[in-house]
Amino acid sequence: MDTPAEASRPLTFRERHASQIRQWRLYAHMFRKSFSSMLGLTLVVLFLLLAAFGPLIVPYPEAASGAINMSAKLQPPSSTYWFGTDEMGADIFSRVIIGARTSLWIGVVITGLAAIVGITLGIIAGYRGGWVRAVIMRITELFLAVPGLALALAIVAALGPGITNCVLALAIVWWPGYVRLVEAKTLSIKEELFIESARSIGAKTPWILWHHILPNCMSPIIVKMSMDMGMAILSAASLGFIGLGAQPPSPEWGSMISVARTYMPDWWWYSLFPGAAIFLTVLGFNLLGDGLRDILDPRSRDR
């Protein structure tokens, strides 16, 4: 049994490393016990693999660049065309698989830009307080007062249709959620004793923010980013569906469904497979986010 002096001594580097390993093993064990979390992880890993290697494994890579083969127009699923073909004779399977890379790019850029802006403003608002916090939070509330998709529609309408403008518009309306999340977390963390101790030994504000505030905010940020990836892909597909996002012949799932709706119900495969890709991708990121939340914030399971 450890003496009081031994129990209170600081941990060595090896002991801290061993403690971190045990903690990560516990996290992995908890994650493996959840079927929904493992399903979400499987779907997300499959999506990432398709985005990385899809153009190398598809049978008709030229289908993503608008190649025309009218002799194979609107063919049903078969051993030659696994998901059938579209009105131009392009292989839908190839377009859906290659479209995973486009969707990944959309999700990463929207979520990344929103997180960078939102986390920065949230930490500043929570740590500085006073009029700085009041100004940042009033601007944030102004953006939150307008439905995000409606505001994105207005921005894209002003900038013009296109995948770049679509991503930019969604990033502009996505950051307020991170501000609210990080600001609330920062307000609670900055009153902790270890922050006061850091100030008392002369630590500068940037050092405190980088080494203490931000690391302690990462758990909810990771959970939110994992869920936002799926929602960002869905929102971009929604704009593509109404003609304001990616434009044909770009292999983006929302724009594919937009064209395919005019061929329903007779040529059902045209819209089914891009829609299934959106559904499975969003489901995967949502289930993964739920699993991460249960691990990183156990109190959420009791709510």
Side-chain angles (χ1 to χ4, degrees), residues 42-107 110 149 152-153 156-157 160-167 169-170 229-286:
T42 301
L43 291 174
V44 169
V45 170
L46 178 61
F47 169 72
L48 295 177
L49 290 176
L50 291 178
F53 304 108
L56 303 177
I57 63 175
V58 294
Y60 305 99
E62 68 278 3
S65 58
I68 298 176
N69 180 16
M70 298 306 293
S71 62
K73 174 183 177 181
L74 295 173
Q75 294 291 315
S78 63
S79 58
T80 303
Y81 302 106
W82 292 358
F83 290 177
T85 61
D86 62 14
E87 79 283 3
M88 295 297 178
D91 179 44
I92 295 177
F93 174 76
S94 300
R95 288 178 59 80
V96 168
I97 298 302
I98 295 176
R101 178 171 292 185
T102 303
S103 296
L104 176 63
W105 174 80
I106 289 171
I110 293 174
L149 194 56
L153 281 171
V156 175
I163 189 169
T164 302
N165 292 340
C166 168
V167 169
L170 288 171
M229 276 288 296
M231 296 309 298
I233 293 172
L234 180 61
S235 297
S238 300
L239 293 179
F241 179 78
I242 60 178
L244 294 178
Q247 302 297 302
S250 175
E252 195 274 325
W253 296 335
S255 63
M256 291 174 65
I257 297 175
S258 177
V259 177
R261 61 181 172 174
T262 61
Y263 294 91
M264 292 182 66
D266 295 330
W267 296 277
W268 50 269
W269 58 88
Y270 194 172
S271 58
L272 173 64
F273 294 109
I278 295 174
F279 169 75
L280 292 175
T281 301
V282 175
L283 177 65
F285 278 108
N286 285 345

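Note that the structure is predicted; figures quoted are calculated from it, not measured.
Here the shortest heavy-atom pairing between Phe273 and Pro77 reads CE1-CG, 4.1 Å. Scanning all heavy atoms of the two residues, the minimum distance from Asn165 to Val156 falls at O-CG2, 3.9 Å. The heavy-atom pair separating Asp91 from Pro59 by the smallest distance is OD2-CG, 3.8 Å. When every heavy atom of Pro161 is checked against every heavy atom of Gly243, the shortest pair comes out as CB-O, 3.7 Å. Here the shortest heavy-atom pairing between Asp86 and Ile92 reads N-CG1, 3.8 Å. The shortest non-hydrogen separation linking Ala152 to Ala169 is O-CB, 3.8 Å.
Every pair passing side-chain hydrogen bond (donor to acceptor under 3.5 Å, both in side chains) that includes a residue from residues 252-271 is listed here, sequence neighbours excluded: Glu87-Tyr270. Within the structure, side-chain hydrogen bond (donor to acceptor under 3.5 Å, both in side chains) pairs that include any residue of residues 43-68 do not occur (at least two apart or interchain). For residues 70-85, the pairs satisfying side-chain hydrogen bond (donor to acceptor under 3.5 Å, both in side chains) are Asn69-Ser71, with sequence neighbours left out.
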Q: Begin from the C-alpha positions of Leu104 and Leu48 and carry the test side-chain contact (heavy atoms from CB on, under 4.5 Å) through to its verdict.
A: CA-CA 8 Å; Leu104 176 63; Leu48 295 177; 3.7 Å; yes
Q | side-chain contact (heavy atoms from CB on, under 4.5 Å) between Met229 and Val282, worked out | A | CA-CA 8 Å; Met229 276 288 296; Val282 175; over 6 Å; no
Q: Apply the test side-chain contact (heavy atoms from CB on, under 4.5 Å) to residues Thr281 and Leu43: give CA-CA distance (whole Å), side-chain angles for both, the deciding distance (0.1 Å), then the verdict.
A: CA-CA 7 Å; Thr281 301; Leu43 291 174; over 6 Å; no
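Between atom CG of residue Leu170 and atom CD1 of residue Ile233 there is a gap of 11.5 Å, rounded to the nearest 0.5 Å. Distance check, rounded to the nearest 0.5 Å: CD1 of Ile106 to SG of Cys166 gives 6.0 Å.
A search for side-chain contact (heavy atoms from CB on, under 4.5 Å) contacts involving Val58 returns Pro61, Ser94, Ile97, Ile98, not counting sequence neighbours. With sequence neighbours left out, Leu46 forms a side-chain contact (heavy atoms from CB on, under 4.5 Å) with Leu50.
Arg95 places a side-chain N or O within donor-acceptor distance of the main-chain N or O of Ala63, the cut-off being under 3.5 Å. Proximity of a side-chain donor or acceptor of Arg101 to a complementary backbone N or O of Gly54 within less than 3.5 Å is not detected.
In this structure, the side chains of Trp105 and Val167 come closer than 4.5 Å at one or more pairs of heavy atoms. Put simply, the side chain of Val96 does not reach to within 4.5 Å of the side chain of Pro251, judged on heavy atoms.
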